[in-house]
Structures are given as C-alpha cells and as structure tokens.
Protein chains: 2
Amino acid sequence: MTTARPARSPRRRVPRNTLNPDRILDAAVTLLDRDGTEAFTMRALAEELGVGTMAVYSHFRGKDELSDAVAQRLLAEVELPVTGVGDPGDRITEVVRSLYRLFSEHPSALQLLTSRPMRGDEQIAVTDQLLGLLRSAGLGRTEAVRAYVALMQYTVGAAVWTTRSRRRCEREEGVGERIKKRLTALPPDSYPSLTDLAPELSAVGNMGPVQFEYGLGRLVRGLLGR
Amino acid sequence: MTTARPARSPRRRVPRNTLNPDRILDAAVTLLDRDGTEAFTMRALAEELGVGTMAVYSHFRGKDELSDAVAQRLLAEVELPVTGVGDPGDRITEVVRSLYRLFSEHPSALQLLTSRPMRGDEQIAVTDQLLGLLRSAGLGRTEAVRAYVALMQYTVGAAVWTTRSRRRCEREEGVGERIKKRLTALPPDSYPSLTDLAPELSAVGNMGPVQFEYGLGRLVRGLLGR
DNA sequence: ACCTGAACACCGTTCAAGT
DNA sequence: ACCTGAACACCGTTCAAGT
C-alpha cells in the first residue's frame, strides 16, 4: 500500500553506505550536546541521521558499545600541553584544566565518562603525563598516584557540580535572586553563616571556571606541600 | 475469568492502608542499595512492596517526587559532629568525611543527589556548619564560600570515583591483576611513568577511604593556607 | 482514600526480510 | 554488507474502575 505512515518522517530507503561509524559518532555528540543524556536514544539518533532505527546496529553492537566510542572520541579532544618546561605545579594545573574544559563543553560526556571504566589510549596519555609531572614535583611513588587520583576526583566533582548548577540556571529564571531570598528568610539564630553569606552564596551559581581555578589552585598547593 | 495470570506474583488484593510514605521510602532505599540505580523502577518497587504498580502513586506524585524524598531521607542520616571545640581544620574534615560516608554506604544516593538540586533542611544544616567552620578558620566571606564549594566538589567527585571503581571490582574478578598486566605491557618509552608506577596504580582500586583521606587532608591544607 | 489492571507512549534490541 | 519494519520485553504514567 502507499498509505502514508503517521508522518514520523517522509523518509524513503536511503542509499547504501550513507552511514559509517564517524558519521554516527558526529551525530551522537551533536545530539548529546544539544539535547542532553536523557534524549540520547537510539531512535532519536537514527532520526538525527535520517535512517531507520536499526541502521546504527550495523556499525555498533548496541548502545553500550556506541557510548564507549563516543567517550573515546571526546577524550581525544583533550589537548595536552606539549611544552616540556615550566613549573610542574603550573603544568599540572594546565592539564587538569583542559580536562575540566572538555567536561564543560560536553556536559553529557561527563555522565558517559563517569558511568563506565576509562579505557582507551587518550586516557592513558593524560594519566602518564600527570604522573610524570607529579613525580618531577618531588612526590614519592605512592604519593604521586594518590595525588593523581585526588586531582581526577576533584575535576570530576567540579564538573558534575558545575553542570548541574548550570542546567538549573538555564531551566529556571533568576535562580540567584530566588536563592538569596530563601537564604535571607532563614532564621539567623539557627543558620548564622548561611544568612550572613547569602549574597556570596547566591552568586556562586554562575562562576564555574573561577570556582574551579580557586579549588584547583588550593588542591595543587596542598598536594605539592607548599 | 479465573484463569491465572502469567504467574507474575500470586498477589491478591492487599488490605487498605498497608502502604505509607515511610514504608515506600524504606523499600526504595533497600532496592537502591541492593540492586542499584538502574534497577530502581516503579514496577520493581511495587513488587518489593507486594502491591500493584500503581499503588505508589497514591503517596507520591511520580518517580521524580519519590526520588526527591529518598534523597531527603538519606541526607538526614548524615550525623553532624556536635562538639563545639577543636581545630577548625579537623572539624571540617569530620563533617566532610561523614558526607563521604553517606555516599559510600548508599552508592545510588549519589546519583540521586547529584542529578537534582539539593533542596531540603538537611543540606542546609550541613552547609551552615561548614561555612561557619571555614570562617572561624580565618577565611574571608567570598573565600569561605569558594572553599565550601571546593570541598563539596571534591567529595562528590571522590564518591563518584570510588563507587565506580568498586562496582567494577565487584563485577569483574581480579581487576588489580588485569590492570597491572595491561600497564606493564605498555611501551615504557611512550608511557614511562605509567609503566613505572604500575604496582601502585593497580592497588589504588580498593583503597577508597584511605585515598579520600589523603586528598581531603591536602585540600583542607591548601584551602586553609598552611 | 487507597489500591487495581488495562492501555498509551516511550525505550533497547532480536529477527526475518528486503536491496 | 547494509538498511528496513514488525515484534518483544521493558519503562513511567494516565485513566476508569473497584473497594
């Protein structure tokens, strides 16, 4: 029959070989950045690509394998500073900062990267560089590993935190004002610091990078022991 | 007809008022701790409670409202040290540590707590206490707020990281050995630090609390500037 | 008021079929 | 080999109905 389907899309059979892993990954990243993790659906992805839902399965075993590949591709974007000179502390800060930038630019990458083990070459290169820098900053073997993990933990946490408060600011209007109102309405006897610092607290929402720099700087200082 | 259903459960109509918000929350936490976030389903929850799927909807508007309530209940478990004396740095460490413990004991709470804005009185009390301690440690108004956020970010990140690697250790056998093998197999010329520190790196998986203490100690030191 | 099942619009994925 | 639609077992939720 030629009766039109419920209008989903007037797509006819697409020429063969229009799809390949790269095109799929591009579309996946686009979809993820534009609509977020919960909209990252095999069906939505196929729609984005203008193909049938099952077409993607010819190139990836399933959503899990696809998600792994997306994480890989995003990690490959992290640019490592090649400059071999300079204060180790500064260079550490640089590498970690570029990781944080990745998470900020691709908020949904975060969930992908934190919800699955970090395999892959890109991750390996970053790790090796950081460990080397920490060692050359004078840390012992175990200490360097601990410091590396602490840096990763802080970065992931900062990114999760930032992403969440940014999402909130986008969704609701005038969040800062509302927070301030709620804080100043609290009983000062029970919550003296909270009411006192209401102005500073309500401003914290939209200062992701500044906040990250602050914490990272202090953490590096604490880790390197000066 | 009296033909048995496909055996889902031989449940008959349950007496009224067997359900209440508290019982539901208990079951939700149990389910979450036992089977994880992805198994936390309205249908599974109903099964756990021995009621029909829709029974829960008489007490919560939907899964979102229920999830909020679960997050609330878990936060209420955080015990705040009431001791009003002692080094501010130590007391800060104590509060943050108890937050981390909450996340460790209820891994799935983490996703709940990070995926939605922290509203609720429990969160407020923790925040006020930390801000007060940071101020009494000599930090300025803005600095105290920044330090508070940095501490939260580190805690969330550490919890996410720990949870993930623990899940991985549970799922797969002998992860440490496998990681070590993979690391020592890498070309030492390209990744000198990684291959050199293979023993320390492969041991990092199962030392959550120790690692957390290390990073937290250094972060606090950096934040308080000594 | 509280609990029920059927039904709806989603999801990932299997499978047999088209080209 | 690559792409297709139908179908299956899930999901959250609406709705009319039972008690």
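A note on names: the letters A, B, ... follow the listed sequences, proteins ahead of strands, and every chain is numbered from 1. Quick note: numbers below take in every heavy atom, side chains included, and nothing from hydrogens, waters or symmetry partners.
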A:Ser98 side chain to A:Val95 backbone, donor-acceptor under 3.5 Å: yes

A:Glu213/A:Arg97 ion pair, N-O < 4.0 Å: yes

Expected output: side-chain A:Gln211 to main-chain B:Arg146 donor-acceptor under 3.5 Å: yes

Consecutive Watson-Crick or G-U pairs in runs of at least 3, all under 3.5 Å, in which DNA chain C is involved: C:4-8 with D:12-16, C:12-16 with D:4-8

Where protein sits on nucleotides 12-19 of chain D, one letter per nucleotide: B base, S sugar-phosphate only, - none, heavy atoms under 4.0 Å: BBBB--B-

Distance in angstrom units between B:Ile24 CD1 and C:dC3 C1', rounded: 11 Å

Gap between atoms CZ and C1', on B:Phe60 and C:dC2 respectively (whole Å): 15 Å

B:Ser193 side chain to A:Leu131 backbone, donor-acceptor under 3.5 Å: no

Which nucleotide in D:dC2, C:dT4, D:dT4 has an atom nearest any side-chain atom of A:Asn17: D:dC2

Sidechain-backbone polar pair: B:Tyr154 side chain, A:Ala150 backbone, donor-acceptor under 3.5 Å: no

A:Asp33 to A:Glu105 - nearest heavy-atom pair and separation: OD1-O, 4.1 Å

From B:Tyr214, B:Trp161, B:Phe212, residue fulfilling side chain to side chain contact (heavy atoms under 4.5 Å, CB included) relative to A:Val149: B:Trp161

Output a table of donor-acceptor pairs, distance under 3.5 Å, between side-chain atoms of residues 21-28 of chain A and any protein atom two or more places apart or on a different chain; print 'none' if there are none.
from	atom 1	to	atom 2	distance (Å)
A:Asp22	OD1	A:Arg73	NH2	2.6
A:Arg23	NE	A:Thr18	O	2.8
A:Asp26	OD1	A:Arg73	NH1	2.4

